[in-house]
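Since the structure comes first, as structure tokens, the remarks are kept for the end.
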Amino acid sequence: LLCMYAMDNPAFKEVVNETEVELPITNKHTATTRKFTTNYMLSTQSQSGYRYEGASGVKTGFTTPAGYCLASCVEKDELTFFTVVLGAQKYEDSRQGNFTETIKLFDFAKDSFSMQTLLKSNEPITTIPLRLAADKEHVQLQPEYAVTALLPKDFKGMEDERLELIYTVSDEEGVDAPVEIGQALGTLTVKYDGRTYATMDLVSAEAVERSQVLHVIDTVSSFFSST
């Protein structure tokens, strides 16, 4: 979370993506000194074999108890995947596990996930009874808006067993015409794999006019039934 927040800061993002810097002359150094990044995901200037297209930042680290560590992210198709590797080791061939494991995580994320439409805005969800309409007995309800999310690439749409739609309607007995398109007539919660992605109104998919004849009959009937 700290990396996600920090990388939203353009100045911070620029600094952690610097691959080299020239230090000026000081009282300790009579010439300028050039330093290269220790994040080999960004550059091959110091070490080859780890450079990763789209990698961005963030911070390397090492202590004997913690091992080799790396917080990093990769940007692809307007998506940013963040990873944190802790406690990695250096292999016998001198490869550093913090970089090799991060590469595996990047590959897994890019190969396994993509932005997809979890639920279309015109997806029929249910119907409710409709009264006082001349030629319709039910009105179709659909989501208030579409839901887009980062999902596994094997997502199967409405056929996916991991997708759960929980809804209630405002009146189980039905609604009186006229009904406007987009009129809220219930609520819908969209869940995937146990996680809630949206809670919204269930709205009418169409506009339905009221039958004046049925309206008069209903008004007269209500009058006599109340006396």
Side-chain angles (χ1 to χ4, degrees), residues 1-118 146-156 160 162 190-198:
L1 291 176
L2 287 174
C3 287
M4 292 173 63
Y5 178 83
M7 290 296 277
D8 277 338
N9 184 304
F12 179 88
K13 186 174 182 179
E14 180 180 357
V15 169
V16 297
N17 278 297
E18 289 284 359
T19 58
E20 61 179 283
V21 63
E22 186 174 283
L23 303 178
I25 296 172
T26 68
N27 62 327
K28 297 293 185 180
H29 296 89
T30 58
T32 59
T33 304
R34 188 170 296 276
K35 295 290 185 180
F36 298 97
T37 182
T38 58
N39 187 349
Y40 306 144
M41 306 282 289
L42 305 180
S43 171
T44 59
Q45 292 167 307
S46 296
Q47 183 76 43
S48 61
Y50 305 113
R51 176 76 174 86
Y52 198 95
E53 185 67 30
S56 181
V58 176
K59 185 67 179 74
T60 59
F62 173 81
T63 64
T64 300
Y68 290 89
C69 306
L70 176 63
S72 188
C73 66
V74 64
E75 300 172 345
K76 181 180 184 295
D77 299 334
E78 300 183 355
L79 292 175
T80 302
F81 297 101
F82 287 85
T83 61
V84 176
V85 172
L86 303 173
Q89 302 300 313
K90 179 175 282 190
Y91 303 115
E92 292 182 359
D93 59 4
S94 295
R95 290 180 303 141
Q96 289 184 204
N98 53 343
F99 298 119
T100 58
E101 295 305 308
T102 296
I103 290 171
K104 291 177 184 178
L105 289 172
F106 282 170
D107 288 343
F108 170 76
K110 294 196 299 180
D111 292 343
S112 304
F113 298 92
S114 64
M115 292 299 296
Q116 300 181 60
T117 300
L118 183 57
V147 180
T148 302
L150 182 66
L151 300 172
K153 288 187 176 180
D154 64 356
F155 174 61
K156 301 178 178 63
D160 201 309
R162 294 165 291 185
V190 183
K191 303 180 74 173
Y192 181 78
D193 204 19
R195 176 184 175 185
T196 299
Y197 282 83

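Arg34 is linked by a side chain to side chain contact (heavy atoms under 4.5 Å, CB included) to Glu20, Glu22, Phe36, counting only residues two or more places apart in sequence or in another chain. Remark: Thr37 pairs with no residue by the side-chain hydrogen bond (donor to acceptor under 3.5 Å, both in side chains) rule, at least two apart or across chains. The side-chain hydrogen bond (donor to acceptor under 3.5 Å, both in side chains) test applied to Thr38 returns Thr60, not counting sequence neighbours. Thr26 is linked by a side chain to side chain contact (heavy atoms under 4.5 Å, CB included) to Lys28, His29, counting only residues two or more places apart in sequence or in another chain. With sequence neighbours excluded, no residue forms a side-chain hydrogen bond (donor to acceptor under 3.5 Å, both in side chains) with Asp193. Scored by the side chain to side chain contact (heavy atoms under 4.5 Å, CB included) test, Val16 finds Met7, Phe12 as partners (sequence neighbours excluded). Residues satisfying the side chain to side chain contact (heavy atoms under 4.5 Å, CB included) test with Val21, not counting sequence neighbours, are Leu23, Lys35. In this structure, the side-chain hydrogen bond (donor to acceptor under 3.5 Å, both in side chains) partners of Asn98, at least two apart in sequence or on a different chain, are Gln96. Applying the ring pair (Phe, Tyr, Trp, His ring centres under 6.0 Å) criterion to Tyr40, with sequence neighbours excluded, gives Phe99.
Interatomic distance, OG of Ser46 versus CG of Asn39, reported as 10.5 Å (0.5 Å rounding).
Residue Met115 places its CE atom among more than 12 non-hydrogen atoms of other residues, nucleotides or ligands, all under 6.0 Å distant.
For the pair Ile25/Thr32, a side-chain contact is recorded, criterion being any heavy-atom separation below 4.5 Å from C-beta on. Looking only at side-chain heavy atoms (C-beta outward), Tyr50 and Thr102 stay at 4.5 Å or farther from each other.
Minimum interatomic distance between Gly194 and Lys191 (heavy atoms only, all atoms of both residues): O-CE, 3.8 Å. The minimum heavy-atom distance linking Ala55 with Phe106 is given by the pair CB-CE1, 4.3 Å.
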Exercise answer: donor-acceptor pairs, residues 148-156 side-chain atoms, under 3.5 Å, sequence neighbours excluded:
from, atom 1, to, atom 2, distance (Å)
Lys153, NZ, Lys110, O, 3.0
Asp154, OD1, Arg162, NH2, 3.2

Please tabulate, one pair per line, all N/O donor-acceptor pairs under 3.5 Å involving side-chain atoms of residues 63-79, not counting sequence neighbours.
from, atom 1, to, atom 2, distance (Å)
Thr63, OG1, Ala66, N, 3.1
Ser72, OG, Gly57, O, 3.0
Glu75, OE2, Lys13, NZ, 2.7

Cut-off 3.5 Å, no hydrogens considered: what does the side-chain donor-acceptor table look like for residues 80-92, sequence neighbours left out?
from, atom 1, to, atom 2, distance (Å)
Gln89, NE2, Gly87, O, 3.2
Tyr91, OH, Glu101, OE2, 3.3

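Within the 3.5 Å criterion, the main-chain N or O of Phe108 finds a donor-acceptor partner in the side chain of Ser112.
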> Can Glu18 and Leu42 be said to form a side-chain contact (heavy atoms from CB on, under 4.5 Å), step by step?
Replying inline: CA-CA 8 Å; Glu18 289 284 359; Leu42 305 180; over 6 Å; no
